[in-house]
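Each remark here refers to the structure printed beneath this line.
Numbering of ligands and ligand atoms starts at 1, following listing order.
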Amino acid sequence: MKNDVTLTVKGKYVNKYKDGYPLILRDAIINLNEVTAEGTIVRLVDDKNKFIAKGYYGKQNKGYGWVLSRNENEQIDQRFFVNKMKAAIKYRESFFNSPDTNAFRIVNGEGDGLGGLTIEYFDGYYLINWYSQGIYRFREYIINALKELVEFKAIYQKKRFDVSGKYIEEDDFVAGERGIFPINVKENGVNFAVYLNEGAMVGVFLDQRNVRKTIRDAYAEGKNVLNTFSYTGAFSVFAAVGGAVKTTSVDLANRSLNKTIEQFRLNGLDIDSQDIVVGDVFNYFKYAVKKQLRFDMLILDPPSFARSKKMVFSAEKDYKNLLKEAISITEDEGIIVASTNSSSFNMKKFKSFIDQAFKEMNRNYQLVEEFSLPKDFKTIKEFPEGNYLKVVFIKNLP
Ligand code: SAH
């Protein structure tokens, strides 16, 4: 491809990279300014010029590229990507064979040795997410590898590095036969409408699969459920299928109303017994307190960071307060499902927010379930930040 550039790792980071850390950090490299072109193959060496690893340069919101190989002689070519992706697909064999789930991730970035890239499967359609210009430079290899390894109806892509704000639908189609959207996919027997032609969010976040199933199978029956930051209402639909007497879905985005109705209809559920509110969650909490509404189960799944007209929400700063608002409208013995996808704090810290919130509200609590990423979102122990999802089911006690 391009001429390789040798990058020297700073002394105090050498062991970190030798031990398998995959993300190229600005702070860790002495001469990062020597590489400018996205997609350049870089060789990481220590201060004695001894080879550590090779990877590519690609600027992302976090980091400047990813390690791809620890073998100095390995070429980053078509074969390289075929081998990585073949192993990734093999690891998801049980998903391909599942009779009641046909939406899952087949490549999860650095977890599969391919940082900056994810690929998801939706009933015969493949969706590639490119997280940097750098990885996008390898698109021919990666798309060819996919074509070689799987049968597909179509391949779509999202250029997640393209933050220009203009979304070009035509850019999303890669190969095969164009789909007619939404396509109807299945997750543990429940239907989802998925759009691969509408921007980054396709209708469902696959990483919550096990949480949704648990809500349906073990918690929803007979419950009055409030689902906040509800997006297309995926948690509400699973709760309703699991026998919830009522669900209330709250999301700020106008699109959420029609999208949530669509998901309920697709599953033959009665919409009249569900509430779908377009509005700010924090206003809804005030409204609920005023109207003395109480819920048996509350689902909190905010974005890590969000800006609305009146306020900025940051999970790290504001989760505790979000929990306090939730506690104030949860029944005794009720369940709060607290979820975060923020990689800026770990489970221990998340639990400390929970503990503080309950203490400040003079309530007791019991942790009853805990989730992180599902199997198809493969992570590696050398990169714990990659295991971003934290979900805790908390019982609210007097
Ligand atoms: N829980 C959802 C995913 C949430 S994505 C699921 O399981 O599918 C985050 C959502 O939060 C977005 O749909 C966004 O519109 C919404 N959002 C962000 N800030 C909000 C606020 N202050 N009040 C209500 N919704 C908000």
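- For ligand 1, the atoms lying closer than 4.0 Å to a non-hydrogen atom of Gly279 are 23 (N), 24 (C).
- Close contacts between ligand 1 and Asp280 involve ligand atoms 22 (N), 23 (N) [criterion: under 4.0 Å to a heavy atom].
- Put simply, the side chain of Asn362 never gets that close to the backbone of Phe358: no donor and acceptor are under 3.5 Å apart.
- Atom 4 (C) of ligand 1 has Phe229 O, 3.1 Å as its closest protein atom, hydrogens excluded (heavy atom only).
- Only side-chain heavy atoms of Arg255 come within less than 4.0 Å of ligand 1; its backbone N, CA, C and O stay farther off.
- Atom 1 (N) of ligand 1 has as its closest protein heavy atom Asp301 OD2, 2.7 Å.
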Practice task
Would you sort out whether Leu127 and Phe122 count as a side chain to side chain contact (heavy atoms under 4.5 Å, CB included), showing the intermediate values?
Solution key: CA-CA 8 Å; Leu127 175 65; Phe122 296 98; 4.2 Å; yes
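- Looking at Glu93 and Lys90, a side-chain N of the basic residue comes within less than 4.0 Å of a carboxylate O on the acidic one, giving a salt bridge.
- Using a 4.5 Å heavy-atom threshold, the side chains of Thr248 and Asn227 count as separate.
- Close approach to Phe205 involves these atoms of ligand 1, each under 4.0 Å from a residue heavy atom: 3 (C), 5 (S), 8 (O).
- Looking at ligand 1, you won't find any N or O of Thr228 less than 3.5 Å from one of its N or O atoms.
- With ligand atoms numbered from 1 in the order given, ligand 1 contributes 20 (C), 21 (C), 23 (N), 24 (C), 25 (N), 26 (C) to contacts under 4.0 Å with heavy atoms of Leu252.
- The local environment of NZ in Lys59 is sparse, with at most 12 non-hydrogen atoms from other residues, nucleotides or ligands closer than 6.0 Å.
- Closest to atom 9 (C) of ligand 1 among all protein heavy atoms lies Pro303 CD, 3.9 Å.
- Here CZ of Phe51 is found 6.5 Å from CZ of Arg43. Values are rounded to the nearest 0.5 Å.
- Between Lys86 and Glu148, none of the side-chain N atoms (NZ, or NE/NH1/NH2) sits under 4.0 Å from a carboxylate O, so this pair counts as no salt bridge.
- The distance criterion of under 3.5 Å between nitrogen or oxygen atoms is not met by Pro302 with respect to ligand 1.
- Some N or O of Asp251 is nearer than 3.5 Å to an N or O of ligand 1, by distance alone.
- Under the 4.0 Å criterion applied to side-chain N and carboxylate O atoms, Glu360 and Lys320 are assigned as salt-bridge partners.
- If you check which protein heavy atom lies closest to atom 19 (N) of ligand 1, you get Ala306 CB, 3.8 Å.
- To the nearest 0.5 Å, the span separating CZ on Arg160 from CG on Leu117 amounts to 12.0 Å.
- For ligand 1 and Ala253, the ligand atoms under 4.0 Å from any heavy atom of the residue are 15 (O).
- Among Val281, Val237, Thr232, the residue whose heavy atom sits closest to atom 23 (N) of ligand 1 is Val281.
- Proximity of Phe235 to ligand 1, defined as any heavy-atom pair under 4.0 Å, is confined to the side chain (atoms from C-beta onward).
- Looking at heavy atoms from C-beta onward, Tyr13 lies out of side-chain contact with Tyr21 at the 4.5 angstrom threshold.
- Counting heavy atoms closer than 4.0 Å to ligand 1, residue Tyr231 contributes atoms from both its backbone and its side chain.
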